[in-house]
Student: 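Structure provided below as C-alpha cells; questions to follow.
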Amino acid sequence: MITFYPGPSKIYPQVAGYLQDAFNEGILSQNHRSTAFMGLLQESIELLKQKLNIPAHYHVYFTSSATECWEIVAQSFTSKGSYHLYNGAFGQKWFEYAQKIAGGNVAGQKFDAEETIPVITEAAGEFDVFCITQNETSNATQVDVSKIPSLNALVSFDVTSSMGGVALDWLKGDIWLASVQKCLGLPAGLGLMVCSPKAIRQAEMIGERQHYNSFLFIHENFEKYQTHYTPNVLGIYLLNRVMRQVENIELVSKKTVARARDFYEFIVNQTSLELLIRNTRVRSDTVIAIEGSAGAIRLLKDKANTAGITLGNGYGAWKETTFRIANFPAIDDWEMGQLKQVLIDF
Ligand SMILES: *Cc1c(COP(=O)(O)O)cnc(C)c1O
C-alpha cells in the first residue's frame with residue numbers, strides 16, 4: 001500500500017532496520033541520565049541542527065508532540081497574552097488551547113485561506129507571543145515567513161508539516177514547533193521545539209515552573225543533555241538515524257518545491273480535478289489539496305484504493321469535497337508517478 005496521508009505519513013523504509021538496531025544496541029534499556037543516553041541526545045541535536053541548517057545559537061528540545069508544544073508556548077512563554085493569526089483548523093486549535101491555558105489576553109485573527117497573511121502590527125507590550133501556523137495542513141496553505149516583521153514580542157511558528165521538507169529561515173522566528181510523523185518520515189510520538197536565545201530569556205523572565213513540561217525544566221535538563229522525565233528514547237534514536245541518512249535541507253527543499261510545482265501543474269493541465277487553493281502564492285509545498293464534487297472524490301478514492309493507494313481525507317468542512325496529498329521527502333518519485341496514473345484520466 002502506498003500512502004499519501006499527511007500525518008501519520010509514509011515512514012522511511014530504512015526505519016525497519018533502525019528499529020532492530022536500537023534493540024540490538026541496548027540503548028532502549030539505558031537510563032536517561034546515563035552517558036550513553038546523554039551521548040545520543042547530544043549527537044541527535046547536533047545532527048538535526050546540521051541537516052536542517054539551524055543556527056548554532058538556537059536550541060533544540062524534544063517533547064512528545066506538536067500539540068504539547070502549543071501548550072508549552074501558552075504556559076511558559078506567555079504572561080501578558082498571545083496573538084494568533086490563522087486560516088485553518090490547526091491554527092484555530094492552537095488558538096483555542098491558548099485561550100484555555102494562558103488566561104491573559106489571548107486574541108485571534110482569522111484570515112482567508114486564499115489570502116496572504118495580514119500585516120502584523122504590534123501594539124506596544126500587549127502580547128508576548130505571535131502564533132502563526134506556517135504550513136496549515138488542513139487546507140494546504142503556507143505562510144511566507146520573510147513577510148513577518150521583526151517584533152518586540154516573540155514569534156512562534158507551527159512547522160509540523162513543513163520542518164524537514166522545506167528550508168526554513170530560522171532567524172525569522174523565536175519558537176518553532178513540530179513533530180516527526182510528517183516531513184521527517186518517522187513514527188509518531190516525538191515533538192520538536194527550536195528556540196532562539198530571546199525566547200529562552202523571556203521564559204526565564206516569566207519563570208513559570210508549575211507543570212511537568214514547564215519549559216524551564218526542559219531547558220535546564222537539556223543543557224546537560226538530560227531530560228527530567230523518561231523520554232521517548234526510541235523516537236530520539238530513530239530521528240538520529242534518519243538525520244544521518246537524509247541530505248541537507250537545501251537539497252531536500254529544492255526537490256520538494258520542484259515536485260510540488262510539477263504536481264500542481266499536472267492537476268491543472270492533465271486532470272479534470274481542481275486545486276482547493278487558487279492563489280499560487282499561498283499554496284503549500286508539502287501538502288496538496290485537490291477539490292472535486294463529493295461524488296467524484298468518492299469514486300476517485302475507491303479507484304485509488306483498488307490501485308493500492310491511500311489518499312489523505314479532506315479536513316473538517318472540506319471532508320467530502322477534497323482530498324490531500326502529502327509531498328513529504330520519504331515519498332518516492334515512483335509513488336508520485338503511480339498516483340498520477342490514477343488521477344490522469346479522471
Ligand atoms: C499534525 C499537526 C499538528 C499536531 O501534531 P501532533 O504531533 O499530533 O501533536 C499540529 N499542527 C499542524 C500544522 C499539524 O499538521
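Counting starts at 1 for both ligands and their atoms, following the listed order. Heads up: numbering here begins at 1 and tracks the sequence.
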Student: Does N135 come within less than 4.0 Å of ligand 1, judged by its heavy atoms?
Tutor: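 Yes.
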Student: Taking 4.0 angstrom as the limit, do E247 and K255 come out as a salt bridge?
Tutor: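 Salt bridge present between E247 and K255.
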Student: I'd like to know if E250 pairs up with K51 as an ion pair, taking the criterion as any Lys NZ or Arg NE/NH1/NH2 lying under 4.0 Å from an Asp or Glu carboxylate oxygen.
Tutor: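 K51 and E250: not salt-bridged.
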Student: Tell me whether K93 reaches ligand 1 (any heavy atom closer than 4.0 angstrom to a ligand atom).
Tutor: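 K93: no contact with ligand 1 (<4.0 Å).
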Student: Less than 6.0 Å separating the ring centroids of F215 and F77?
Tutor: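 That pair passes the under 6.0 Å test.
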Student: Where does the angle between the aromatic ring planes of F62 and F222 fall among parallel (under 30°), tilted (30 to 60°) and perpendicular (over 60°)?
Tutor: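 Geometry flag for F222 against F62: perpendicular rings.
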Student: In the protein, what heavy atom is nearest to atom 11 (N) of ligand 1, and what distance, to one decimal place, separates them?
Tutor: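 Result for atom 11 (N) of ligand 1: D158 OD2, 2.7 Å.
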Student: So, regarding T67 and ligand 1 (criterion: nitrogen or oxygen to nitrogen or oxygen, under 3.5 Å), is there a contact or not?
Tutor: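 Yes, at least one N or O pair falls under 3.5 Å.
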Student: Measure the distance from atom 14 (C) of ligand 1 to every protein heavy atom, then report the residue, atom name and distance (to 0.1 Å) of the closest one.
Tutor: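 The protein heavy atom lying closest is K182 NZ, 3.0 Å.
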Student: Any N or O of W70 that comes nearer than 3.5 Å to an N or O of ligand 1?
Tutor: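 The answer is no, given that W70 and ligand 1 share no N or O pair closer than 3.5 Å.
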Student: List ligand 1 atoms under 4.0 Å from T137, heavy atoms only on the residue side.
Tutor: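 This gives 12 (C), 13 (C), 14 (C), 15 (O) as the contact atoms.
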Student: State whether the side chain of E114 and the backbone N or O of R278 hold a donor-acceptor pair below 3.5 Å, judged by distance alone.
Tutor: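 Yes: the side chain of E114 pairs with the backbone of R278.
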Student: Determine, using heavy atoms of E68 and all atoms of ligand 1, whether some pair is separated by less than 4.0 Å.
Tutor: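 Not so, E68 does not reach ligand 1.
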Student: Under 4.0 Å from any heavy atom of S179, which atoms of ligand 1 are there?
Tutor: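 Ligand 1 atoms under the 4.0 Å threshold to S179: 5 (O), 6 (P), 7 (O).
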Student: Using the rule given for side chain to side chain donor-acceptor pair (under 3.5 Å), can you reason through W176 versus D158, listing the C-alpha separation, both sets of side-chain angles and the distance that settles it, and then say yes or no?
Tutor: CA-CA 6 Å; W176 301 79; D158 180 337; over 6 Å; no
Student: Would you say T133 and ligand 1 have an N/O pair spaced under 3.5 Å apart?
Tutor: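 So ligand 1 has no N or O lying under 3.5 Å from an N or O of T133.
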Student: Under 3.5 Å, is there a donor-acceptor pair between the side chain of T227 and the main chain of Y229?
Tutor: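 Checked: pair present.
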Student: Is a side-chain donor-acceptor pair under 3.5 Å present for K182 with N135?
Tutor: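 The answer is no; no qualifying pair exists.
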Student: For A66, is at least one N or O under 3.5 Å away from an N or O on ligand 1?
Tutor: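 By distance alone, the answer is yes.
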Student: Does ligand 1 have a heavy atom under 4.0 Å from the side chain of Q181, from its backbone, from both, or from neither?
Tutor: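 Answer for Q181: side chain.
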